[in-house]
Amino acid sequence: MSSSYFTDLAQQYIDGRWRPGTGSWDIIDFNPYDGEKLASITIATVDEVDEAYRAAARAQREWAATNPYARRAVFEKALRIVEEREQEIAEVIVAELGGTRLKAGFELHLAKEFLRESVNLALRPEGKIIPSPGDTKENRLYIVPVGVVGVISPFNFPFLLSLKSVAPALALGNGVVLKPHQNTPIVGGSLVAKIFEDAGLPAGLLNVVITDIAEIGDAFLEHPVPKVISFTGSDKVGRHVATVCAAHFKRSILELGGNSALVVLDDADVDYAVDAAVFSRFVHQGQVCMAANRVLVDRAVEAEFTEKFVAKVKSLKVGDPSDPATVIGPVINSSQAESLSSVVSQALAEGATALVQGTTTDNLVEPTVLTGLPAESGILRQEIFGPVALLVPFDGEEEAVRIVNDTPYGLSGAVHTADVERGVSFAKRIDTGMFHVNDGTVHDEPLVAFGGEKSSGVGRLNGEATVEAFTTQKWISVQHGRSLFPF
């Protein structure tokens with residue numbers, strides 16, 4: 001059934017019409033596990049990016065004026081469609097991303113939660129009447145849509161992370177143009193458009209352009225129509241997005257990379273901490289911005305933790321993501337696989353010890369566990385987007401805090417301890433946007449502000465933060481009497 005998705009949805013979606021791009025070359029969509037060609041999509045050009053934005057701007061005015069209860073019905077139907085097609089969508093996630101069955105279920109669960117919240121978001125914006133120094137003057141503060149939002153989504157959780165910006169932006173009365181990652185054009189792009197088309201979203205409001213910066217340059221960012229760009233991806237690209245947006249007076253919401261740490265204090269439940277650490281590092285092959293790159297362990301429990309952690313990692317099944325027993329599927333492409341091999345080689349050259357050293361076959365990268373890294377190793381401070389875990393021992397909380405903060409990133413993290421308040425006190429000292437006590441590092445919830453500090457991003461999404469991201473404030477004053485003017 002999933003094959004029809006790759007046949008039918010391998011197109012651009014602009015102004016309510018499915019059509020091929022007019023570029024001179026094609027994006028080839030491959031299955032990262034077996035190399036099967038899934039789809040060939042002729043890319044969108046600068047002209048089609050322009051058409052998409054213009055269509056969104058035309059459709060948005062009427063949409064913004066639509067009763068929010070009527071807008072809400074579209075999201076209720078979109079949720080039902082996802083629920084009805086859940087198995088088919090899971091198959092597409094497995095095929096296009098190399099996501100395991102477990103990962104597909106995890107992504108779909110979160111996607112449905114965010115769609116449910118979008119149903120409520122349509123009714124969320126509330127204006128205010130604000131006092132005025134003038135006796136006969138009334139100040140009204142309206143919360144209004146920004147107009148059109150440009151969304152750029154990544155390859156790791158493309159269905160969720162496209163929906164996470166697209167659905168709220170639409171629910172709040174905006175038009176949207178979505179540019180999915182080239183490696184996930186269906187799951188992160190045209191599939192989202194198809195769901196909303198079938199849910200009755202008016203034509204033109206949501207557009208999907210499947211393209212590449214080699215073709216369009218910065219046209220997606222520089223176009224005069226979008227007022228907000230929501231980008232999820234690497235900090236390197238995020239810096240460029242932020243720079244271009246600032247130069248064009250656009251707001252940018254940047255959800256970038258991470259180098260999260262999971263910290264095991266001396267009083268932790270070791271078995272539970274092992275389970276949390278293995279999941280936090282190896283979920284979706286470690287291709288998660290919140291993944292625990294570093295696992296810090298107090299020397300008091302280092303030996304016990306290390307033995308159990310290594311044993312659990314060695315038990316993880318690597319292979320075909322369509323096999324329900326598989327925990328580690330392929331990374332997204334050969335470039336990523338080669339990069340991970342280089343990271344491990346560099347660490348070993350710097351003196352690290354491999355407690356587990358997996359091999360790489362095509363895009364299948366087996367887990368590696370390294371320890372004994374020199375304190376000055378650059379690998380401890382960078383994001384490793386794959387199944388490579390770094391075990392770092394420490395002596396006491398002060399050293400742990402110093403090590404955790406010794407990175408340019410500040411996205412997520414976790415600490416394990418028998419004393420919850422000790423964990424909260426520890427968390428307060430870490431320079432991150434999110435931190436979890438006695439849990440994993442990988443979490444996202446519709447009502448809680450999601451985002452990072454330092455090189456992990458700017459801005460927040462979810463809950464009230466989403467309303468702020470995709471709306472603006474408009475002051476309208478009413479003079480019920482007469483103003484006195486000095487001349």
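For clarity, every value in this text was computed on a predicted model and none was experimentally measured.
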So Asn259 and Glu383, side-chain hydrogen bond (donor to acceptor under 3.5 Å, both in side chains) or not? Walk me through it.
CA-CA 5 Å; Asn259 181 20; Glu383 181 175 44; over 6 Å; no

Would you say [Y] and [X] are linked by a side-chain donor-acceptor pair, where the criterion is simply a distance under 3.5 Å?
X	Y	value
Arg281	Asn293	yes
Ser477	Asn139	no
Tyr409	Asp235	yes
Thr184	Glu96	no

Would you please indicate if the ring centroids of His284 and Phe157 are separated by under 6.0 Å?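 Distance test on ring centres: under 6.0 Å, yes.
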
Separation between [atom1] of [X] and [atom2] of [Y], rounded to the nearest 0.5 Å:
X	Y	atom1	atom2	value
Glu117	Thr466	CD	OG1	8.0 Å
Glu86	Ile93	CD	CD1	9.0 Å
Asn462	Phe450	CG	CZ	7.5 Å
Ser456	Leu411	OG	CG	4.5 Å
Ser165	Phe470	OG	CZ	4.0 Å
Asn207	Leu178	CG	CG	9.5 Å

Does this structure show an ion pair linking [X] with [Y], if we count only N-O contacts that are shorter than 4.0 Å?
X	Y	answer
Lys103	Glu107	yes
Arg140	Glu138	yes
Arg422	Glu397	yes
Asp266	Arg299	no
Arg460	Glu468	no
Glu304	Lys308	yes
Arg116	Glu113	yes
Lys164	Glu255	no
Arg381	Glu376	no

Is there side-chain contact between [X] and [Y], with heavy atoms separated by less than 4.5 Å?
X	Y	result
Lys454	Thr432	no
Leu191	Ile195	yes
Val404	Phe394	no
Pro68	Arg72	no
Phe196	Phe75	yes
Thr371	Thr306	no
Pro367	Val318	yes
Val146	Arg251	yes

Taking [atom1] in [X] as the centre, count heavy atoms belonging to other residues, nucleotides or ligands within less than 6.0 Å. Is the count above 12?
X	atom1	value
Leu123	CG	yes
Glu307	CD	no
Lys474	NZ	no

Original post:
Going through the distances and angles, do Asp320 and Ser322 end up as a side-chain hydrogen bond (donor to acceptor under 3.5 Å, both in side chains)?
Top reply: CA-CA 5 Å; Asp320 185 348; Ser322 66; 2.8 Å; yes

For [X] against [Y], the heavy-atom pair lying closest together:
X	Y	value
Phe385	Asn156	CZ-ND2, 3.5 Å
Ser280	Gly440	OG-CA, 3.2 Å
Asn174	Pro145	OD1-CB, 3.2 Å
Ser412	Ser260	O-OG, 3.1 Å
Ser252	Ala242	OG-CA, 4.1 Å
Gln473	Leu141	CB-CD1, 4.0 Å

Could you give me the CA-CA distance, side-chain angles and deciding distance for Asp218 and His240, then say whether side-chain hydrogen bond (donor to acceptor under 3.5 Å, both in side chains) is met? CA-CA 10 Å; Asp218 285 334; His240 180 71; 2.8 Å; yes

| field | Among Ile253, Val458, Val241, side-chain contact (heavy atoms from CB on, under 4.5 Å) partner for Phe231 | value |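 Going through the options one by one, the only one that passes is Val241.
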
Parallel, tilted or perpendicular, judged at 30° and 60°: which one describes the rings of Phe106 and Phe279?
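Plane angle over 60°, so perpendicular.
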
> How are the rings of Phe220 and Tyr53 set relative to one another: parallel (under 30°), tilted (30 to 60°) or perpendicular (over 60°)?
Replying inline: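 Geometry flag for Tyr53 against Phe220: tilted rings.
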
- prompt: Checking side-chain hydrogen bond (donor to acceptor under 3.5 Å, both in side chains) for the pair Glu366/Thr359: CA distance, chi angles, key distance, verdict?
  reply: CA-CA 6 Å; Glu366 296 178 341; Thr359 59; 3.1 Å; yes

